[in-house]
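Contents: one structure, followed by commentary.
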2 protein chains.
Amino acid sequence: MVLVERDDTGVTLHDVTLHGITLHSVTLHDVAREAGVSYATASRALNGSDRTVRADNAARVRDAADRLGYTPDLSAQATARGSSSTVALVVSDIDDPYFSSIAAGVTEAATDAGLIVTMAIADRSPGLELQIVRALRGHRPRAVIIAGSRIAPAASTSAPASSASAAASAAAASASASASASDDDDTRAALIAELAAYQQAGGRVALISQDDLPFTTLAIDNTGGARQLALDLAGLGYRRFAIAHADDSIRTSHDRRLGFAAGLAEAGLPPPALLPTDFTRAGGRQAALDLIARGHGDLELVFAVNDVMAIGVMTGLRESGLLPGRDLAVAGFDDINAAVDVSPALTSVRVPLHELGRRALASALAEPPPHTTTDRASAAVSGPMSVPIPVEVILRPSTPTRRHP
Amino acid sequence: MVLVERDDTGVTLHDVTLHGITLHSVTLHDVAREAGVSYATASRALNGSDRTVRADNAARVRDAADRLGYTPDLSAQATARGSSSTVALVVSDIDDPYFSSIAAGVTEAATDAGLIVTMAIADRSPGLELQIVRALRGHRPRAVIIAGSRIAPAASTSAPASSASAAASAAAASASASASASDDDDTRAALIAELAAYQQAGGRVALISQDDLPFTTLAIDNTGGARQLALDLAGLGYRRFAIAHADDSIRTSHDRRLGFAAGLAEAGLPPPALLPTDFTRAGGRQAALDLIARGHGDLELVFAVNDVMAIGVMTGLRESGLLPGRDLAVAGFDDINAAVDVSPALTSVRVPLHELGRRALASALAEPPPHTTTDRASAAVSGPMSVPIPVEVILRPSTPTRRHP
DNA sequence: ACAGGTGGGGAAAACGTATTCCGGATTGTG
DNA sequence: CACAATCCGGAATACGTTTTCCCCACCTGT
């Protein structure tokens with residue numbers, strides 16, 4: 001018979017009425033009383049304290065906790081301990097497969113580490129991103145991971161003019177990103193300050209593919225991957241390329257564009273035509289539409305700086321009556337899951353997104369604690385480290401081997 | 001001259017060293033001291049308290065807060081107020097476009113409401129899901145939203161046998177879901193108990209498409225949508241159908257399968273062939289492969305109970321040398337973003353996923369507070385409400401109009 | 001038998017914030 | 001000019017934990 005006798009006043013669910021919300025919850029206090037021990041003992045029994053508690057007492061406490069359905073109040077725990085058990089993840093757009101794969105990796109690693117993740121969506125806006133980081137800081141997360149920050153130094157802010165590209169399209173592309181360069185610089189500086197402060201306060205920061213910010217960064221080899229892709233495509237027999245890319249303030253786009261161009265140069269091929277557009281599926285589609293409307297001449301392949309854009313390009317081509325792969329080859333970058341679902345399957349550069357997420361969290365958590373110096377001047381940001389993420393070219397039917405004409 | 005004079009001992013970043021983690025953070029105390037007011041005044045100035053604080057004091061406090069980079073400790077706020085500012089979201093797999101769209105909606109709505117979301121991934125496992133809900137409760141979230149619970153009453157647990165389906169495949173399909181029916185029942189009951197307790201404690205619960213659980217549910221019209229799809233396809237001239245579906249313990253699959261069959265019956269058409277498989281892309285592909293290997297006879301269209309599976313089916317068909325849409329039509333359900341990226345674009349039933357996420361949060365938050373009865377017997381779960389989510393058939397080229405043979 | 005551990009329980013002080021209560025000042029009114 | 005009414009600052013308490021002390025009881029070795 002395991003049933004335990006309870007007097008009628010035994011279990012007390014105390015009512016907390018605040019802000020119109022009524023909460024009843026069973027606290028450590030209740031558990032302790034039910035188990036006939038004190039506060040402290042109950043606390044020690046229920047979490048791995050350094051102190052030991054006698055076996056029978058521990059059992060009684062655990063029993064009581066079970067019976068009452070006790071769950072520790074993590075907020076209270078966090079204030080008491082001074083550190084919460086959450087990690088913050090900020091992504092540009094969770095509905096984008098690139099980010100959702102990363103998020104999956106981060107969440108998985110967090111779960112393994114007994115942490116839970118709070119997620120916020122920056123909607124590709126640096127301003128919002130900053131705001132979010134500020135808000136997130138209030139949660140005192142153990143780490144914050146930022147995927148897809150769009151802030152770049154103002155220096156390289158405007159996309160280079162392209163002889164082959166329609167001026168109108170270029171203007172449209174940069175319009176959205178041009179909210180006064182100094183404004184952007186301000187947000188950028190503010191973000192850095194915010195993160196530095198957070199780090200100074202003991203938080204860990206990891207950035208994904210933002211190696212121009214002074215924090216631990218998972219550096220996707222954008223340049224190298226794009227270069228290798230160009231080389232491999234040259235090897236397949238392609239000669240005349242176009243690049244669908246976004247504004248250079250988007251670092252990723254910038255690096256991939258330059259890497260690709262470098263690869264072409266290396267292969268002794270002419271520089272690619274530039275198709276500046278948005279960093280989205282719609283952007284890719286529009287670039288394709290514009291290209292075909294204008295006449296694509298002897299173009300053989302268009303490289304879009306990410307898969308989502310590449311898929312847009314394929315759609316645009318199809319809408320223009322061209323068959324991607326046969327009439328005009330297409331290649332992307334990221335190797336999102338959908339790359340194999342489109343037809344022809346998309347040639348891409350594989351970025352281990354899931355793993356990337358995992359490692360982002362791991363790297364953040366592994367960061368050395370900040371110097372605990374009373375001298376505030378020397379309490380500088382600890383040297384940012386960079387974790388290189390290798391990538392791999394994956395050739396698929398969207399870029400079939402090309403017979404020399 | 002706005003510079004404020006500070007004595008050298010002015011700003012005190014107090015060090016908290018606990019569990020090896022060192023945190024310095026600026027507290028309300030510091031702000032109060034810097035501003036030359038008390039605790040309470042600072043608190044009142046920085047959050048909209050019911051009490052007013054004199055304008056000049058308020059300004060001083062805000063100034064000090066700015067200068068010091070103060071951010072309120074939300075954990076502390078939560079314990080003090082007794083309710084946190086988070087909502088919990090549990091999804092089966094954030095890397096699945098179905099869930100990522102929902103997550104985007106939930107997150108957006110949360111941000112609008114000044115809440116932040118904590119996300120956990122149940123990996124399609126009821127056990128994990130239960131565990132997660134338990135863990136989440138510790139955060140005392142304002143609401144928990146569960147998308148994609150897979151638990152169904154044990155009653156309808158096994159998939160019906162299908163004359164047209166390979167027994168081996170069916171066995172494989174149900175194998176993973178068959179960890180002893182009573183076990184499943186236990187988890188289900190435990191989840192219900194857990195959620196009920198949470199609700200009883202003042203939390204709000206919303207479920208997405210789980211109308212067999214006694215909680216507020218966003219009910220996607222799976223049956224009706226599938227039925228309408230069948231009707232519309234019949235209207236296009238299709239006569240002989242197959243359904244790629246998953247184990248009936250997955251409610252969604254079950255309902256869509258039955259709805260589709262009902263639509264066919266209504267149109268006076270023969271019942272569909274059944275292709276039991278996994279609820280995934282791989283499952284869809286395998287079903288297609290099996291089907292073609294076995295010989296698909298006079299089959300004209302395969303309906304997969306979700307888009308991800310449908311895309312798998314298309315891939316499988318292609319691998320078997322068939323052209324989806326021309327040789328064999330394909331239709332899905334959900335209308336995920338990728339449905340328009342595949343070619344031919346996929347006929348589907350549009351579920352407003354993003355909106356669904358938004359409304360899930362809204363519905364949860366709008367729930368009536370639980371009855372505050374001291375009589376524990378009558379403190380039953382308040383009547384669950386069901387928010388119907390209408391769906392819409394979207395015909396696309398994967399199901400071209402069929403000439404009568 | 002007695003000093004010196006040592007294992008473990010409990011009271012109380014954190015943690016950082018919200019809120020209640022008290023009282024002093026300022027204001028309005030007769 | 002007195003007296004209430006209002007405004008608002010501050011001390012103190014609460015929130016649910018963890019953690020630090022303190023102390024007792026028991027064990028061990030001499």
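Order of the sequence lines fixes the chain letters, A, B, ..., with proteins taken first and strands second; residue numbering starts at 1 for each chain.
A distance-only check finds a donor-acceptor pair linking the side chain of B/R204 to the backbone of B/L365 [under 3.5 Å]. Remark: the backbone N or O of B/F215 is paired with a side-chain donor or acceptor of B/T217 at under 3.5 angstrom. A donor-acceptor distance shorter than 3.5 angstrom exists from the side chain of A/Y198 to the backbone of A/A143, with no hydrogens or angles considered. B/S92 places a side-chain N or O within donor-acceptor distance of the main-chain N or O of B/G148, the cut-off being under 3.5 Å.
Atom CG in A/L68 sits roughly 15 Å away from atom C1' in D/dG16 (whole-Å rounding). We find that NE2 of A/H139 is positioned 18 Å from C1' of C/dC15, with the value rounded to whole Å. Rounded to a whole Å, the CG atom of A/D30 is 12 Å from the P atom of D/dC15. In this structure, OH of B/Y39 is placed 11 Å from C1' of C/dA14, rounded to the nearest angstrom. Rounded to whole angstrom, the span from the CG atom of A/L28 across to the P atom of D/dC15 amounts to 14 Å. Atom-to-atom, NE2 of B/H29 to C1' of D/dG10 comes out at 12 Å; the value is rounded to the nearest Å.
Nearest heavy atom pair, residue B/A135 against residue A/L74, reads O-CD1, 4.1 Å. In terms of heavy atoms, A/I94 sits closest to A/A103 at CD1-CB, 3.7 Å.
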Give every pair of a protein N or O atom and an N or O atom of nucleotides 5-9 of chain C that lie under 3.5 Å apart, one pair per line with the distance.
unit_1, atom_1, unit_2, atom_2, d
C/dG8, OP2, A/T52, OG1, 2.2
C/dG8, N7, A/R51, NH2, 3.4
C/dG9, OP1, A/R54, N, 3.3
C/dG9, OP1, A/N57, ND2, 2.8
C/dG9, N7, A/R51, NH2, 2.4
C/dG9, O6, A/R51, NH1, 2.9
C/dG9, O6, A/R51, NH2, 2.8

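When the side-chain nitrogen and oxygen atoms of A/S43 are compared with OP1 and OP2 of D/dT17, none of them lie within a distance under 4.0 Å. In this structure, A/N47 reaches the D/dT18 phosphate: one of its side-chain N or O atoms is under 4.0 Å from OP1 or OP2.
DNA chain C is contacted by no residue of residues 69-78 of chain A, taking any non-hydrogen atom closer than 4.0 Å.
Applying the side chain to side chain donor-acceptor pair (under 3.5 Å) criterion to A/D66, with sequence neighbours excluded, gives no partner residue. Under the rule for a side chain to side chain donor-acceptor pair (under 3.5 Å), A/D123 has no partner lying at least two apart in sequence or in another chain.
Comparing the end axes of the helix from C/dA1-D/dT30 to C/dG30-D/dC1, each fitted to five base pairs by superposing C1' atoms of four pairs onto the next four, gives an inter-axis angle of 40° (nearest 10 degrees).
Just one of A/V37, A/D30, A/V31 meets the side-chain contact (heavy atoms from CB on, under 4.5 Å) condition when paired with A/R33; it is A/D30.
Between the side chain of A/S25 and the base of D/dG16 there is no donor-acceptor pair of N/O atoms closer than 3.5 Å.
When only modelled atom types and interatomic distance are considered, B/S84 and B/R142 share no side-chain donor-acceptor pair under 3.5 Å.
Applying the ring-ring contact (aromatic ring centres under 6.0 Å, His included) definition to pairs two or more places apart or across chains, those involving residues 35-80 of chain A are A/H29-A/Y39.
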